[in-house]
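Here the structure is laid out as structure tokens; the discussion comes afterwards.
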Amino acid sequence: SQTIHQWPATLVQPVGSPLSLECTVEGTSNPNLYWYRQAAGRGLQLLFYSVGIGQISSEVPQNLSASRPQDRQFILSSKKLLLSDSGFYLCAWSIREKLFFGSGTQLSVL
Amino acid sequence: GNSVTQMEGPVTLSEEAFLTINCTYTATGYPSLFWYVQYPGEGLQLLLKATKADDKGSNKGFEATYRKETTSFHLEKGSVQVSDSAVYFCPRRGDFNKFYFGSGTKLNVKP
């Protein structure tokens, strides 16, 4: 069976510090991968998606970047965090018409 | 392109009340339709889906019927429980299996 791991579960970072959130999927190959952010008053927003290694598409302009160094690894990064980067970050993968989510990372930028 | 419109929340109900959360869509053809649920502090999970017109998706006592005549996919449950308190999403599915979720509808069930 397939599983998705996302860590850390919570993170508190100062403004201007770097960020690295990691997501890995097990039990499948060549999945489509996604990063979402859920922030108060803004709903669940699709940030990035990837259809393969090194293939990243950004949905919205922002202070973040994503990378996919391996088939089942998806990383969300920032060089310098902003206050507005606070939120609940969710990694997901898809098969056929279904989307499966990780347990999320609650990021607080102070 | 395809789009969905979901009723805004929050929705507050007493336990055992009847639930309806509206979702209407516009689309060319008959795309698959979905309901996802997010329990507090967790990621989203698929609740139910319907792949063609007149299909009924069901799970955990929830139902939704794909009605082409009204272009709707309303979520219903006959008797809600406190444990159903969550945020419910009726997303739009785009190419590359990208799902667009919006703000969802928050359901609060009181004992």
Side-chain angles (χ1 to χ4, degrees), chain A residues 1-10 21 23-25 28 30-52 55-60 66 68 74 76 87-108, chain B residues 1-11 21 23 25 27 29-53 55 57-60 64 66 73 86-107:
Chain A
S1 63
Q2 302 90 358
T3 56
I4 180 169
H5 302 281
Q6 188 179 345
W7 67 93
T10 60
L21 301 181
C23 171
T24 59
V25 180
T28 187
N30 198 31
N32 284 1
L33 296 172
Y34 312 83
W35 277 110
Y36 285 85
R37 176 173 61 202
Q38 193 170 32
R42 298 179 64 181
L44 186 62
Q45 187 179 35
L46 177 61
L47 302 178
F48 299 96
Y49 73 95
S50 171
V51 299
Q55 301 179 62
I56 309 295
S57 295
S58 174
E59 285 287 303
V60 293
R68 186 170 177 174
F74 205 24
L76 184 69
F88 189 50
Y89 288 82
L90 289 161
C91 179
W93 72 279
S94 72
I95 183 170
R96 292 187 281 276
E97 291 185 319
K98 295 180 182 178
L99 200 60
F100 298 90
F101 284 84
S103 53
T105 296
Q106 184 65 52
L107 172 66
S108 299
Chain B
N2 299 342
S3 68
V4 292
T5 302
Q6 180 177 351
M7 69 183 282
E8 293 186 12
V11 174
I21 300 178
C23 175
Y25 68 91
Y30 299 105
S32 296
L33 299 175
F34 309 83
W35 277 100
Y36 278 77
V37 59
Q38 183 181 29
Y39 297 103
E42 299 182 9
L44 282 71
Q45 56 186 279
L46 178 65
L47 180 60
L48 52 84
K49 64 178 280 191
T51 57
K52 60 184 186 294
D55 256 5
S58 61
N59 186 23
K60 299 181 180 180
Y66 191 150
F73 193 54
V87 182
Y88 294 83
F89 296 87
C90 177
R92 173 176 70 85
R93 177 171 168 261
D95 54 356
F96 300 105
N97 237 17
K98 292 184 288 182
F99 283 72
Y100 299 92
F101 287 89
S103 298
T105 302
K106 186 173 184 179
L107 171 65

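Predicted model only: the values in this text are computed from it and were never measured. Residue numbering restarts at 1 for every chain, and letters A, B, ... go by the order of the sequence lines.
Proximity to chain B (any heavy atom under 4.5 Å) is restricted, for A:Y34, to the side chain, taken from C-beta onward. Using a 4.5 Å cut-off between heavy atoms, A:E59 touches chain B through its side chain atoms alone. For A:Q38, the part lying near chain B is the side chain, with the backbone staying farther off; criterion is any non-hydrogen pair under 4.5 Å.
The CZ atom of A:F48 lies 13.0 Å from the NZ atom of B:K98; values are rounded to the nearest 0.5 Å. In this structure, CG on B:N97 lies 11.5 Å from OH on A:Y49, to the nearest 0.5 angstrom. Atoms OG and CZ, from A:S94 and B:R93 in turn, are 8.5 Å apart once rounded to the nearest 0.5 Å.
Among the candidates A:L46, A:L90, A:L99, the single residue satisfying the side chain to side chain contact (heavy atoms under 4.5 Å, CB included) test with B:F101 is A:L99.
Most heavy-atom pairs under 4.5 Å with chain A: of the set B:S32, B:G102, B:G104, B:G41, this distinction falls to B:G102.
More than 12 heavy atoms of other residues, nucleotides or ligands shown are found within 6.0 angstrom of CD on B:Q45.
Two residues are said to be in side-chain contact when any heavy atoms from C-beta on lie closer than 4.5 Å; B:T51 and A:E97 meet this criterion.
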